[in-house]
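Encoded as structure tokens, the structure appears first; notes follow it.
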Amino acid sequence: MAKIQTPQPVRGTQDIFGEDQERFQQVVETFERIRRLYGFKGVQMPVFEPTAVFARSLGETTDVVSKEMYSFEDRGGDSLTLRPEFTAGICRAFLSNGWQQHMPMKLSTHGPLFRYERPQKGRYRQFHQLDAEIIGASEPAADVELLCFADQLLKELGIDDGVTLQLNTLGDAESRDAWRSALVEHFSDHQAELSDDSKTRLAKNPLRILDSKAPNDRPIVDAAPTIDSYLTAEASEFFAQVTEGLNSCNVAWTRDSSLVRGFDYYRHTAFEFVTDRLGAQGTVLGGGRFDGLMEALGGPHIPAVGWAAGIERLGMLLDAPEMIGPNAIFVPLGEGCEAAAMKLMGELRRSGLSCEMAYKGNMKKRMQKANAAGAAHVVIIGENELANGVVAVKNLTSGDQREIVFDGLVEALAK
RNA sequence: GCGAUUGUAGCUCAGUUGGUUAGAGCGCCGGUUUGUGGUACCGGAGGUCGGGGGUUCAAGACCCCUCAAUCGCCCCA
């Protein structure tokens, strides 16, 4: 018989278990706790959408749309796409359900996203993000609240040390268009000296040349006009209010006038929380204002701000999580003892104490299991104990062992 | 999509200029201890050397192809 080959996981996917799972969980739980403090409602969307939802909103020329989407035809011949980001899907849901009535609307979600990219550290084909959006608010206070949320999240995860908030404004549509034209003009004048990548960017997305890592591009980039010269009075005032708000909330930030974001829908505020501890994947949380997105999806003009953060990336920055074992491991030995143990375990669990049963092997084997599981106590119940209505409770830290009557077990283990 | 490095036991890795039966540590199983863990000692199982093809008397090692991982570019969380 031919040997069956073991299947391999799909490239860029991961099975998250053990310590990685603890890290993942800690990130999500912290996020869920803090988003409630800020009054964000949870929302769940489908993981796939009609392809047009992403193609229209992100910008047809962006890499995500042109080469990184997982798109496929379903049996009815419709083109569907696994979501590569949250924002477009949230906006679609907003329009589909007529959520205008709830504006301004603070929404948060988290879950898997899919991009067909070359895997690297902190970059996967199926990856996971946290996401927070405020829809229907054109006030800078919304930007400030969102950034405070992000800042508090990173602080409570204990990873704010070494992570900096870089902030920029892309201006309103008028400012952005004027700046863009000026940039195109500037870079066209120096086209011959630009790197090949930047020549391509000049045609596709000239703002991104500002991000170029090619050393030869640096002098040209440094000499490029900055947004500040093209900001309208309104856009300038908006940015000033955002930065003042951050200052009064004690959120540390640095201005990065070359910071632009990948997708076409960004306006005004753009920001990234960046670390140098993850190699080339330095952005740990990023977002901005996307006042034009709803219209791109055929809806009315509805301003919005939002950010997303990579769960895996945040998890990698966390201190090693403590593995906490159960309060007790039960070791039943002999006739009728398993049933008695089950009953006691039920009482413990209803009292909020965690416990498991070691039901295999000799005493030594079971003690080893309890120790390896990191249990605080072992509860031994043999035929002698059962007959006397007691259990032997051994504290695995101190090594002390004593007998406890059934009714006193919850109290004995609770401390 | 491009470039570089790597792939040997469940895990982390040795393996000399190609040469007998491929090793170690940890983990796992068993024993010293038939109802008592952590430490120690003894024993055991476990590998078609990522996969396929080639060179050679002989390949874990050399060559080609392929798959995967890691790092960088692109882009992005």
Side-chain angles (χ1 to χ4, degrees), chain A residues 3 5-14 18 27 58-59 61-69 84-87 110-131 150 163 195-198 200-201 204-205 208-209 211-214 260-263 271-275 278-287 306-317 325 329 331-334 337 358 361-385 392-401:
Chain A
K3 189 176 177 187
Q5 193 166 359
T6 351
Q8 288 189 327
V10 173
R11 185 168 200 191
T13 62
Q14 35 171 358
V27 170
L58 300 182
T61 61
T62 59
D63 274 27
V64 168
V65 171
S66 59
K67 57 182 200 195
E68 292 173 1
M69 292 203 306
E85 58 124 35
F86 280 118
T87 306
H110 61 87
L113 302 171
F114 306 84
R115 286 182 204 169
Y116 191 87
E117 292 187 284
R118 192 69 167 249
Q120 278 177 47
K121 185 211 290 285
R123 159 189 272 184
Y124 309 93
R125 288 186 172 178
Q126 175 176 338
F127 59 107
H128 302 79
Q129 283 188 352
L130 312 172
D131 187 271
V163 176
S195 63
D196 289 345
D197 281 334
S198 288
T200 317
R201 291 188 188 110
K204 277 175 53 181
N205 194 347
R208 292 224 70 97
I209 298 178
D211 278 346
S212 176
K213 287 176 191 157
V260 295
R261 304 267 314 153
F263 303 137
F271 54 87
E272 289 181 357
F273 286 81
V274 180
T275 177
L278 292 179
Q281 278 64 246
T283 303
V284 103
L285 184 153
W307 53 251
I311 298 178
E312 290 90 340
R313 289 186 187 179
L314 291 172
M316 286 188 288
L317 295 175
I329 295 235
V331 178
L333 293 164
C337 295
N362 56 26
M363 173 69 103
K364 176 181 169 133
K365 200 79 250 169
R366 301 192 200 196
M367 291 297 286
Q368 284 175 344
K369 286 242 162 69
N371 194 59
H377 303 89
V378 173
V379 177
I380 301 159
I381 174 161
E383 288 173 14
N384 292 341
E385 285 84 0
V393 175
K394 179 162 188 171
N395 181 318
L396 284 185
T397 315
S398 63
D400 296 342
Q401 181 169 326

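Small disclaimer: the values here were computed from a predicted structure and weren't measured. Here is how names work: the chains are called A, B, and so on, in the same order as the sequence lines, proteins then strands, and each is numbered from 1.
- Applying the 4.0 Å criterion to OP1 and OP2 of B:G72, one finds that A:K121 has every side-chain N and O outside that range.
- Across residues 110-119 of chain A, A:R115, A:E117, A:R118 each have a non-hydrogen atom less than 4.0 Å from an atom of RNA chain B (numbered order).
- Shown here, B:U5 forms a base pair with B:A69; the pair counts as Watson-Crick or G-U wobble because both key distances fall under 3.5 Å.
- The residue A:Q14 sits apart from the nucleic acid: no heavy atom pair falls under 4.0 Å.
- Using a 4.0 Å heavy-atom distance criterion, A:D211 is classed as making no nucleic acid contact.
- Across all strands shown, nothing is found opposite B:U33 as a Watson-Crick or G-U wobble partner with both distances under 3.5 Å.
- The distance between atom CG of A:N395 and atom C1' of B:G37, rounded to the nearest whole Å, is 12 Å.
- Within 4.0 Å of A:L314, counting heavy atoms only, lies no atom of the nucleic acid at all.
- Using a 4.0 Å heavy-atom cutoff across all strands shown, A:G122 reaches at least one base atom of the nucleic acid.
- Here A:G12 lies in heavy-atom contact (under 4.0 Å) with sugar-phosphate atoms only.
- B:C49 makes up no base pair with any nucleotide shown, lacking Watson-Crick or G-U wobble contacts both under 3.5 Å.
- Nucleotide B:U39 forms no Watson-Crick or G-U wobble pair with any nucleotide shown, as no partner meets the under 3.5 Å limit on both distances.
- Contact annotation for A:Y124: base contact, defined as any heavy-atom pair under 4.0 Å involving a base atom.
- B:U20 and B:G15 are spaced 16 Å apart, taking the P atom of each and rounding to whole Å.
- If you check B:G37, B:C76, B:A68 against the side chain of A:N371, the one that comes closest is B:G37.
- If you check B:C75 for Watson-Crick or wobble pairing at under 3.5 angstrom, you find it has no partner at all.
- Here B:G44 sits opposite B:C28 as a Watson-Crick or G-U wobble pair (both hydrogen-bonding atom distances under 3.5 Å).
- Using a 4.0 Å heavy-atom criterion, one finds that A:Q120 contacts the bases of the nucleic acid, with or without backbone contacts as well.
- At B:G30, none of the side-chain N or O atoms of A:K364 fall inside 4.0 Å of OP1 or OP2 (strictly under the cut-off).
- Nearest-nucleotide mapping onto RNA chain B: of A:Q401 and A:G310, the residue sitting toward the 5' end is A:Q401.
- Not one side-chain nitrogen or oxygen of A:R366 sits closer than 4.0 Å to the OP1 or OP2 atom of B:U36.
- Taking each heavy atom of A:G12 and A:P119 in turn, the nearest pair found is CA-CG, 3.8 Å.
- Residue A:T397 is classed as a base contact, given a heavy-atom separation below 4.0 Å to a base.
- Pairing for B:C13 is with B:G23, a Watson-Crick or G-U wobble pair whose two hydrogen-bonding atom distances lie under 3.5 Å.
- For the pair A:I311 and A:K369, nearest-nucleotide mapping onto RNA chain B gives the more 5' position to A:K369.
- Between the side chain of A:R123 and the base of B:C71, no donor-acceptor pair of N or O atoms lies under 3.5 Å.
- Across the C1' atoms, B:G50 and B:U70 are found 15 Å apart, a figure rounded to whole Å.
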